[in-house]
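Okay, structure first, notes after.
Starting from 1, each residue takes its place in the sequence as its number. Atom set for the values below is all heavy atoms of this structure, side chains included, hydrogens, waters and symmetry mates excluded.
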Amino acid sequence: ESYGGGKKNWMSFDLYKSIIDQISDSVYSVNLNHINEPLIRKDIPDFISYAVEKGITEVMFNTNGMLLSEEMSKRLIDSGLTKLSVSIDATTPDVYDQIRVGGDFEKVLTNIEKFIHIKKKMDKSLPLLKVTFLIVETNSHQLDAFIEYWRGKADLLSLQYPVNPFSGKT
């Protein structure tokens, strides 16, 4: 499979349905990630709904949060998504900009706050909101502030260290 080429290389909904049909009796979790931002697909709620309808217990994906609009938030909540993981990695715009080049810290925070509000207004417990902090030299001094900020807002906090699977290999 090619990793480039844009939309022409996106998996069709029909192929996805065929795969889900084949695995739904033996797979309980589907993570809808590949190499790009999942929310660039405006039809991702359809993918989620289909998996949920076929009995997949956990349907989730990771996002940078930039495209998490109010409309998309509502559609994701209605789709049956069980977990939304947002990678933030900072507590201030300057550190965020160093790690998430091309992102917009304030926009991501606003999008997440709106998502939380919409979920509450819709009186839904799912999807769980997980915020992720990848601990690197650039942001390690913000770890405590990150935990404090998201405690009580997010359902799950994920603290990760980068791993190089090739370290020590020749």
If you apply the rule side-chain contact (heavy atoms from CB on, under 4.5 Å), what do you find for Trp10 with Leu15, and how did you get there? CA-CA 10 Å; Trp10 285 7; Leu15 175 57; over 6 Å; no
For the residue pair [X] and [Y], what are the closest heavy atoms and their distance?
X	Y	value
Ile48	Gly80	CG2-C, 4.0 Å
Phe105	Thr92	CZ-N, 3.7 Å
Ser24	Ile56	CA-CD1, 3.9 Å
Ser73	Ile118	CB-CD1, 3.9 Å
Phe146	Asp89	CE1-N, 4.3 Å
Gln142	Phe133	C-CZ, 4.1 Å

How long is the straight-line distance from [atom2] of [Y] back to [atom1] of [X], given to the nearest 0.5 Å?
X	Y	atom1	atom2	answer
Asn31	Asn62	CG	CG	5.0 Å
Asp43	Phe13	CG	CZ	7.5 Å
Asp97	Asp104	CG	CG	8.0 Å
Tyr16	Asp46	OH	CG	10.0 Å
Leu84	Leu81	CG	CG	6.0 Å
Lys42	Arg75	NZ	CZ	8.5 Å

Any side-chain heavy atom of [X] sitting closer than 4.5 Å to one from [Y]?
X	Y	result
Asp78	Pro45	no
Val52	Phe47	no
Met72	Leu39	yes
Met60	Val30	no
Pro127	Phe115	yes
Val59	Leu32	yes
Ile135	Ser140	yes
Ile88	Ile112	yes

Is there a chain of hydrophobic side chains (I, L, V, M, F, W, Y, each step under 4.5 Å between heavy atoms) that links [X] to [Y]?
X	Y	answer
Leu134	Leu159	no
Met66	Ile99	no
Leu128	Leu157	no
Val136	Val86	no
Ile77	Leu126	no

Assess whether side-chain contact (heavy atoms from CB on, under 4.5 Å) is satisfied between Val131 and Leu156, documenting all intermediate values. CA-CA 6 Å; Val131 292; Leu156 304 162; over 6 Å; no
The test is side chain to side chain donor-acceptor pair (under 3.5 Å); show your working for Gln160 and Ser158 and say whether it passes. CA-CA 6 Å; Gln160 301 173 350; Ser158 174; 3.2 Å; yes
Scan for salt bridge (charged side-chain N to carboxylate O under 4.0 Å, His left out) pairs involving residues 110-125, sequence neighbours excluded, and state none if there are none. Glu70-Lys114, Glu113-Lys153, Lys119-Asp155
Determine, step by step, whether Lys74 and Glu71 satisfy the salt bridge (Lys or Arg N to Asp or Glu O under 4.0 Å) criterion, reporting the C-alpha distance in whole Å, the side-chain angles of both residues, the deciding distance to 0.1 Å, and the verdict. CA-CA 5 Å; Lys74 289 175 189 170; Glu71 177 194 351; over 6 Å; no
Is a side-chain donor-acceptor pair under 3.5 Å present for [Y] with [X]?
X	Y	answer
Asp21	Tyr50	yes
Ser49	Glu53	no
Thr63	Glu37	yes

Any sub-3.5 Å donor-acceptor pair from [X]'s side-chain atoms to [Y]'s backbone N or O?
X	Y	result
Asn33	Phe61	no
Glu58	Tyr28	no
Asn139	Tyr96	no

Step by step, work out the side-chain contact (heavy atoms from CB on, under 4.5 Å) result for Thr91 and Leu143. CA-CA 8 Å; Thr91 59; Leu143 178 59; over 6 Å; no
Would you please test Asn64 and Ser87 for side-chain contact (heavy atoms from CB on, under 4.5 Å) and show each step? CA-CA 5 Å; Asn64 61 27; Ser87 300; 5.7 Å; no
Through direct or indirect side-chain contacts below 4.5 angstrom among Ile, Leu, Val, Met, Phe, Trp and Tyr, which residues connect to Val163? none
Report the C-alpha separation of Asp14 and Ser12 in whole Å, then their side-chain angles, then the decisive distance to 0.1 Å, and conclude whether the side chain to side chain donor-acceptor pair (under 3.5 Å) test is met. CA-CA 5 Å; Asp14 286 338; Ser12 72; 5.5 Å; no
